[in-house]
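Right, one structure below, let's go through it.
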There are 2 protein chains.
Amino acid sequence: MAAVEELGYVADSNASRLRSGRHSLAGIVVPDLTNPMFAAFVSTLESLARDDGFDLLVVSSANTPEQEAERLNAIRSWRPAGLIVIPCDGGLAARLPRGGYPALVVADRIPDEAAFDLVAVDNARAAGAITAHLASQGYRTCLVVGTTLAISNVRERWEGAVAAAGTMTLQFLDVGLDPSAVRARLKAHLSRPLRADALFSLDHVTSLIAYQTIADLDLDMPGDIAFASFDETEWMRLVRPPITAVSQPVEDMARASWKRLMRRISGEDCDAETVRLTCSIAIRGSSLRRSDKDPSRPD
Amino acid sequence: MAAVEELGYVADSNASRLRSGRHSLAGIVVPDLTNPMFAAFVSTLESLARDDGFDLLVVSSANTPEQEAERLNAIRSWRPAGLIVIPCDGGLAARLPRGGYPALVVADRIPDEAAFDLVAVDNARAAGAITAHLASQGYRTCLVVGTTLAISNVRERWEGAVAAAGTMTLQFLDVGLDPSAVRARLKAHLSRPLRADALFSLDHVTSLIAYQTIADLDLDMPGDIAFASFDETEWMRLVRPPITAVSQPVEDMARASWKRLMRRISGEDCDAETVRLTCSIAIRGSSLRRSDKDPSRPD
DNA sequence: ATGAAAGCGCTAACAG
DNA sequence: CTGTTAGCGCTTTCAT
């Protein structure tokens, strides 16, 4: 023991696992680490894992199904005790390797098929709260902007938005993931003579580009166009007017995912379970009722 | 081989390493994953590591020296090929475990002692460019705000700021890491009758709080106080006026760190080497010359 | 060429 | 309770 101290010896986790069968590594696959939401998720997870004696192998799918499939397979070579995956789209089931994992929890985005342990937010309700609010403020037409309906979150948000819109007219615009394409499509839509009087963007990356585009076109907010975002980032509270946004409980999601994974790792054998967490909604200046519009207003 | 396909077999990396001695795991220790700069660093690194056939063990020191020391030791149980560390303060050398690592590169923050392979930015030059700019715009006194001079980046930036300030008077204010304490100290300083006419904050977390504090106090920017930030985040381009900021080449830092680590892993045996990368500076509205101040201005 | 055997660092099982 | 031994899944080496 004196020599252990002296030389700074630590046992080889792998050799240990090889013989004992006790795994102390977990994996997390995310679409993109630079997304602050996923970074926060990983950060919380890392701390929870450590508390339970696990280290975390972090892998990015770079938002591409092919890389996700490759990484989902390759990560098995580390024989992790379990895996948490935020899939890059709904097609996860088809990309899972034959051998499977000892434990698997899917977070944030819901796969099209198959029964996984799942942790997600109440997308439809929260999106509905936004459109209901916009309608109540007197807006008549709303452009709803999302990357693609192939992502479950976008689909659920869109459907929730429609269900609660009342007499407000909604139009969906899918803009994809490439920033310059997003910008071009938004600009084209917002430059139309009969543009919508409200814009609701369904993820924070799109929200950023939408906000910049509105500023570029010199539109008054909310006078010319109201604005709301699903998913909140810090700049939304700093700009004037501040932005109405749905805020997701990222840390709770990480906590719920890890808890579920740990129960699976401890061998609990029950049906796949879905946890839905509640988003909070912050109504701010960007979506308040316009002062009854002066019809003689220039432009 | 047919059976390999059929069953989805992948070789056990650990058993493989145990016998062959070839390691395919690398570690990264960061102070805080929710910091977008570190998240971007890890993201780039993960992709570079994968290209070279390595997976990445990600560990957070939660900005506390004790946890850093513990993690730096524990991570050795995985027998990584090498480690990249962004230290939480200058005292890294004392926290390195006896046994050491096969390869180690220190990034972003410079330890007080010992010779490490090092990748950092040209803090002093970039900070000097900001104070020189503020002085050239006619500002006379500048409050420089940083977390603590125990962090090398803060120290280097402060020293660079002083060196280039010319006749402008500088004062350093250390505010620590706790957000509510930062806010309180800043508020106290900015409420003084003889407040500085420019504020330069040395990291983006402090910048955010400083910006909010200036807004809370209803100070006009740059009329009442000019503002500049070391380290740029996206909101700085969105607010009005947009914020003058030093932008760090995070991806280049990750690239340089990984390159250096790979050379060490391949057994290159040379003196420790320091790489300094160049920051770019974006002058924006928050620090432009005030229109010659009206002495009869209210307040 | 293909096949058998030894051993990486550890832990578990068993013997003294 | 302490000491020895076998073997986890691989790769390397040595023998055929």
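We name chains A, B, ... by the order of the sequence lines, and we start the count at 1 in each one. Everything quoted here is computed from the prediction, not taken from an experiment.
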Is [X] reaching over with its side chain to a backbone N or O of [Y], donor-acceptor style, under 3.5 angstrom?
X: B:T44; Y: B:E251; result: no
X: B:N63; Y: B:D32; result: no
X: A:S16; Y: A:D12; result: no

- Assess the pair A:W158 and A:F230: is the distance between their ring centroids shorter than 6.0 Å? no

- Can you check whether B:W258 and B:F54 have ring centres sitting under 6.0 Å from each other? yes

- Atom CH2 of A:W78 to atom P of D:dC8: distance rounded to whole Å? 21 Å

- Item | Near-strand residues of residues 11-22 of chain B, defined as heavy-atom separation under 4.0 angstrom from DNA chain D | B:A11, B:D12, B:A15, B:S16, B:L18, B:R19, B:S20, B:R22

